Amino acid sequence: MKKTMLLSLLFFLIYACKSEGNACKYLEKDDVCIKIINKSGEEIKHLSVNYERGKKEIFNLNNNEKAFISINSPGEGSYMLVAVFENGDILKSKDTYVEAGYKMTEIIHRKKIETKTNLILSDYR
């Protein structure tokens, strides 16, 4: 019984991290939403989003898959992505400036990370 409950909770948490509805659809007042798209041609084994107030992580992001993360950034702030590919290669983004309410898109290619700021919500989905 405990094992089933634990597996169900784990599945829910993994789904919640990759779901726009749970991470970014209803942003809190001081949050920033980051859509991450893997266009590298490889699986990303571990992805971390490092920001002033902490770190958020995603595991096993397949090629052509997207994930959504929200971070708390009251006022001005920044974040940086660190992607670890299945072969062990590491790719880092530059620090990205954000303010509360920003909606960002990070497209991870094999050799670079492309950053876009989305000003219109309909362009974001």
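Predicted model only: the values in this text are computed from it and were never measured.
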Other ILVMFWY residues reachable from Ile107 by side-chain steps of under 4.5 Å
Ile37
Single-linkage hydrophobic cluster, 4.5 Å side-chain cutoff, Leu47 and Leu91 together:
yes
Once side chain to side chain donor-acceptor pair (under 3.5 Å) is applied, do any residues pair with Asp89, and if so which ones, sequence neighbours excluded?
Asn87, Arg110
Partners meeting salt bridge (charged side-chain N to carboxylate O under 4.0 Å, His left out) with Asp30 (sequence neighbours left out)
none
Exercise: identify the closest heavy-atom pair between Arg53 and Pro74:
NH2-CG, 3.2 Å
CE on Met104 to SG on Cys33, rounded to 0.5 Å:
10.5 Å
Is a side-chain donor or acceptor of Lys45 paired with a backbone partner of Gly88 at a separation under 3.5 angstrom?
no
Test item: Ile44 and Ile36 side chains (from C-beta on) under 4.5 Å apart, heavy atoms
no
Could you tell me whether the side chains of Glu52 and Ser78 share a donor-acceptor contact shorter than 3.5 Å?
yes
Pick one: which of Lys92, Lys94, Glu106 meets side-chain contact (heavy atoms from CB on, under 4.5 Å) with Leu81?
Glu106
Quick one: CG on Asn72 to OG on Ser70, what's the gap to the nearest 0.5 Å?
8.5 Å
Does any N or O in the side chain of Thr105 come within less than 3.5 Å of the main-chain N or O of Lys116, such that one atom is a donor and the other an acceptor?
no
State the CD1-CG distance between Ile69 and Asp31, to the nearest 0.5 angstrom.
12.0 Å
Connected via hydrophobic side-chain network under 4.5 Å: Tyr97 and Val82
no
Sequence neighbours excluded, the answer for side chain to side chain donor-acceptor pair (under 3.5 Å) partners of Glu28 is none
Given the rule that I, L, V, M, F, W and Y join up when any side-chain heavy atoms are under 4.5 Å apart, are Ile90 and Ile58 in one cluster?
no
Specify the closest pair of heavy atoms between Asn63 and Gly41, including all atoms of both residues, with the distance to one decimal.
OD1-N, 2.7 Å
Side chain to side chain donor-acceptor pair (under 3.5 Å) against Ser40, all qualifying residues, sequence neighbours excluded
Asn38
Not counting sequence neighbours, which residues clear side chain to side chain donor-acceptor pair (under 3.5 Å) with Lys112? List them please.
none
Can you check whether His46 reaches Glu57 side chain to side chain, under 4.5 Å on heavy atoms?
yes
